[in-house]
Amino acid sequence: VNEVARRHQSPALIVHGGAGERAARDERPGRRRGLLAAVAAGATLLRDGAHALDAVTAAVTTLENDPLFNAGYGSCLTSDGRVEMDAGIAVADFAAGMARSNCQFRTGGVVMISRTRNPILLARAVMERTPHLLMGGSGAELLARAVGLRLCERSALIAPRALARWRASRRESAEADHGTVGAVALDSAGNLAAGTSTGGLAGKMPGRIGDTALLGAGFYASGDGAASATGTGEAIVRAALCREGVVQLARWPAREAAERVIAQMNRRGGEAGIIIADARGTFGAAHNAAAMEIATFDPVRGLHHSLAPQISRSRRPE
Ligand code: ASP
């Protein structure tokens, strides 16, 4: 933990596209392309020596702009047919030679956003441009305007796909619509960042806020690592899932840390997925839903898309 942050760290980036039902067959190629485009956008920056925060922002905005994911344009709708999005971002910064335990920590989040296409950019503005860390309501809209984020009509964020799914869910029993997005990055200076963005749970009550904008629940970063979560927000908040995952890095490699916190979710009850990167750029990902897609970048393997390991709900943690 007291290891000194090194310059010239190999950068790394991992993104997820939400835990939930396996994507419909005809949407799988598009989702795969979307995740690879997101990780490529962040990887290009990291290769040029950019900050982990810029890589996370680039990856998450790419997915927010893709209607196949439940974030930004394409977000699922509330029970009364509206878009209400949450997003959060966190960074652990290191000055060269600084002990990992002394990193500088920054965070920002936004809730119930309905007129900004990229809530992750607004979460970042809360972090960088205000003394606060969580904002919503008309004040968040004023901030968006002040930092030059375009406000759109509420209806402009409703994608045809999201509207069709909302209509179908009113006829049939609602299927849990996942597709939240998140990214975790380590840059070549050793800085760590995590960000998560979501339209929330399909058919949620207007006004409901989940885990995504809550530090420690939907996202987290510290000197040891960073994480982003997806799944049933209420269960994720109760478990403080991302903080719990990063805390596990003191004892376990990233992969085991991810698997252990999802095994804990199995005991507590609740569908969830998590991605974690540690301070060396090792990744972990796990979920207990039907599926969770991830894409990764590291200088050795390049860009890679896969399904994250599933921790079946019947399996007991050792
Ligand atoms: N965690 C999100 C929420 O509860 C939803 C998701 O990840 O699918 O708002």
Side-chain angles (χ1 to χ4, degrees), residues 14-23 27 31 34-35 38 60 63-64 66-72 74-79 82-90 109-114 119-120 123 134 136 157 159 161-162 165-166 169 174-184 194-220 227-245 258 261-262 265 268-276 285-294 308 310:
I14 177 167
V15 304
H16 71 78
E21 290 306 311
R22 184 87 205 268
E27 292 188 341
R31 282 180 56 94
L35 286 161
V60 173
L63 292 167
E64 284 177 337
D66 187 330
L68 289 178
F69 297 90
N70 173 23
S75 285
C76 65
L77 308 185
T78 57
S79 57
R82 286 183 295 159
V83 166
E84 285 183 2
M85 304 168 291
D86 303 332
I89 197 158
V110 287
V111 295
M112 289 179 63
I113 298 304
S114 54
I120 198 74
L134 188 56
L157 291 174
R161 173 182 182 274
R165 289 168 85 94
W166 177 75
S169 75
E175 137 201 340
D177 190 8
H178 293 297
T180 291
V181 306
V184 174
T196 313
S197 183
T198 190
L201 295 180
K204 65 186 179 181
M205 288 171 69
R208 177 264 187 192
I209 296 165
D211 59 300
T212 303
L214 303 185
L215 177 71
F219 67 103
Y220 192 65
S228 166
T230 168
T232 309
E234 287 71 8
I236 293 170
V237 174
R238 283 191 192 101
L241 187 66
C242 283
R243 167 145 168 104
E244 191 57 33
V261 290
I262 295 303
M265 290 299 283
R268 290 163 173 267
E271 188 170 274
I274 190 168
I275 56 173
I276 305 183
H287 69 92
N288 64 4
M292 179 171 84
E293 281 174 85
I294 56 172
Q310 184 198 45

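Everything numeric in this text was worked out from a predicted model, so none of it was measured. We number each residue from 1, following the sequence as shown. Counting starts at 1 for both ligands and their atoms, following the listed order.
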Within ligand 1, which atoms have a heavy atom of [X] less than 4.0 Å away?
{"X": "D211", "value": "1 (N), 2 (C), 3 (C), 4 (O), 9 (O)"}
{"X": "T180", "value": "2 (C), 5 (C), 6 (C), 7 (O), 8 (O)"}
{"X": "T230", "value": "6 (C), 7 (O), 8 (O)"}

With the threshold set at 4.0 Å, does a side-chain nitrogen-carboxylate oxygen contact exist between R208 and E234?
yes
How close do F219 and G88 get, counting heavy atoms only, and between which atoms?
CE2-CA, 3.6 Å
Looking at every heavy atom in both I294 and A285, which two are closest together, and how far apart are they?
CD1-CB, 4.0 Å
Applying a 4.0 Å heavy-atom criterion (strictly less than), which segment of D86 is in contact with ligand 1: side chain, backbone, both, or neither?
neither
Output yes when the distance from some N or O of ligand 1 to some N or O of G233 is under 3.5 Å, and no in every other case.
yes
Compute the shortest N/O to N/O distance between G231 and ligand 1 and return yes if it is under 3.5 Å, no if not.
yes
Inspect the surroundings of CZ in R243 and state if more than 12 heavy atoms from other residues, nucleotides or ligands are less than 6.0 Å away.
no
L157 and M85, any side-chain heavy atoms less than 4.5 Å apart
yes
Distance-only donor-acceptor check, side chains S197 and E64, under 3.5 Å
yes
Close approach, G18 and ligand 1, non-hydrogen under 4.0 angstrom:
no
Contact check, R208 vs ligand 1, heavy-atom distance below 4.0 Å:
yes
